[in-house]
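The residues of the chain are indexed from 1 along the displayed sequence. One-based numbering, in listed order, for ligands and for the atoms of each.
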Amino acid sequence: MVKVNEHYARVGNNYLFSEVARRVREYKATRVGGRNVISLGIGDVTREIAPAVIAAIQEATLEMASPETMRGYPPEAGYDFLVNAILEHDFRARGVTLDADEIFISDGAKSDTGNIGDILGTDNLVAITDPAYPVYVDTNLMAGRQIELLPCLPENDFCPPFPARPADVIYLCCPNNPTGTTLSREQLKSWVDYAIEHRSLILFDAAYEAFVSGTDVPRSIYELEGAKRVAIEFRSFSKTAGFTGLRCAYTIVPRELVVAASTGETVSLNAMWRRHQSTKFNGTAYIIQRGAAAVYTPEGQRQTREIISYYMQNARIIKEGLERAGMTVHGGIHAPYLWVKTPAVLSSWEFFDLLLNEVQVVGTPGSGFGKAGEGFFRFTAFGKRAEVVEAVERVGSLF
Ligand code: MLT
C-alpha cells in the first residue's frame, strides 16, 4: 500500500503566493465592472527583457535550427561561457575568487533553495529567519526537520538573533525578502563566525544582490573571511535581469565546504550537490543560458542596470508615498520590497482584504512569511510606474 510523506500535513494546503492569487481570482470573479486591480503582490517583473538578452536568445534559437550548430542536453552544471562570465563579473571583479566547478547553473533559486535539503540530513536543527521566503520553512517542514525561528523585527533592526540552541543549518537572505532590509558587513561576519564556531552551514540567499547600491552591504557572503568554509550561496537572474519567465539562476558550493559525516569521514557538499544535480536535473536550456550570458556584455549591463534603477525608483515612490500617508515603512533602499506596518490593529490578512475590497490593490500579507510577519504587509516595487503611482494614491486615500 502506498505511503505518503506525512510531513506534508505540517504545511498548509496552499503555497503563499498561490493563496494570494486564489483570493484575487475569487474577488475578480464575484464583481461586475469596477476599476482595475493593481498587483504589488508577488515580486514578478513587469519590464520587458533587455534587448541584449533577447538578441542572444534569438541567435541561440537559430543555432538550434541547423544540424551543425544545434545542441542537445546541456552540461548539467552549466555551459562554460556562462560560468566564466559569472566568475569574472560577479566575483573576480569584486575581489572574490571562485573556480568554475564551484558554480552550478540552474533553473531558479526557488528550486535550488528548496532542493538543497536533499543533501542534508533530516536530523539537522534548522534556523530560519522569521519572516522569510516561504520556501525555506515549507521545504524543511516537508522533510520533517526541526526548525528554530529567528524573529527579525524593527526592535532588532531586522538582524536575526543567534538561535537558543546551536543550529546546524542557517538560512539567511540579504537583501531580505520579504522585509527589504539588509545585513551590514559586521552583522554578516558575526554569522560566518557563528557558523565556523558551531560547524554549521549557512544557506545564503543573495537573489536580490543586484539591488544593493554602495559598498556597505555585502553582495556575496564570500566577501567575508572564512565564508567559503561554511556557506552555500544562491543567485538568480529572475530579478536581476527579468528572468522570472525564462528561468535561470546559479548556486555556489565551494570546494572548501566539507562536513564530517556520522561515519567520521569528511564529505564534500560540492561533490554531493554535483551528484544531486546530475541525477535530478538535466541542465538549463542552451538558449536561456545564452540569454543570461548576454547580461554580462556591456549593453546587457547597461540595460539591466537601467531596469533595476527603474524598479528602485518605484521603491522610492512607494516608500515616500506611504510615509506621507502616515505609514511606517521599512526596507526598499537596497531591495525591491517594502515592509509596511499595518495600520491600527489590523492583522496582515485583514489589511489585505481591506486593500483589495476598498482600493483594489494587492500586496502580500506579512504573516504569510511567518509569525513575526503578523501585523506587517509587503509591497513589491516590480510594478509598472503608472500603476505604482496610482496604487500609492489609492492606499493613501484610506488614511
Ligand atoms: C516573491 O514575491 O517573494 C518572489 O517573487 C517569489 C519568488 O521569487 O519565488
Shortest protein contact, atom 5 (O) of ligand 1 (heavy atom only) = K239 NZ, 2.8 Å
Close-contact set for ligand 1 against I42 heavy atoms, below 4.0 Å = 2 (O), 5 (O)
What about the rings of F211 and F382, do their centers lie closer together than 6.0 Å?
-> yes
Validation row, ring centre Y208 to ring centre Y337 under 6.0 Å = yes
Could you tell me whether E323 and K319 make a salt bridge, using a distance below 4.0 angstrom between a side-chain N and a carboxylate O?
-> yes
Among V230, I252, L188, side chain to side chain contact (heavy atoms under 4.5 Å, CB included) partner for F204 = L188
Considering residues, nucleotides and ligands other than R274, do more than 12 of their heavy atoms fall under 6.0 Å from its CZ?
-> yes
N/O separation below 3.5 Å, Y15 to ligand 1 | no
Run the ring-centre check on W339 versus F377 and record whether the distance is less than 6.0 Å.
-> no
Under 4.0 Å from any heavy atom of Y337, which atoms of ligand 1 are there?
-> 1 (C), 2 (O), 3 (O), 4 (C), 5 (O)
Should you measure from each heavy atom of G43, which atoms of ligand 1 turn up under 4.0 Å away?
-> 1 (C), 2 (O), 5 (O)
Examine the proximity of ligand 1 to N177 and report which part, side chain or backbone, both or neither, has a heavy atom under 4.0 Å away.
-> side chain
Pick one of side chain, backbone, both or neither for how F382 approaches ligand 1, counting any non-hydrogen atom pair under 4.0 Å.
-> neither
Which residue holds the protein heavy atom closest to atom 7 (C) of ligand 1, what is that atom called, and what is the gap in Å?
-> Y133 OH, 3.3 Å
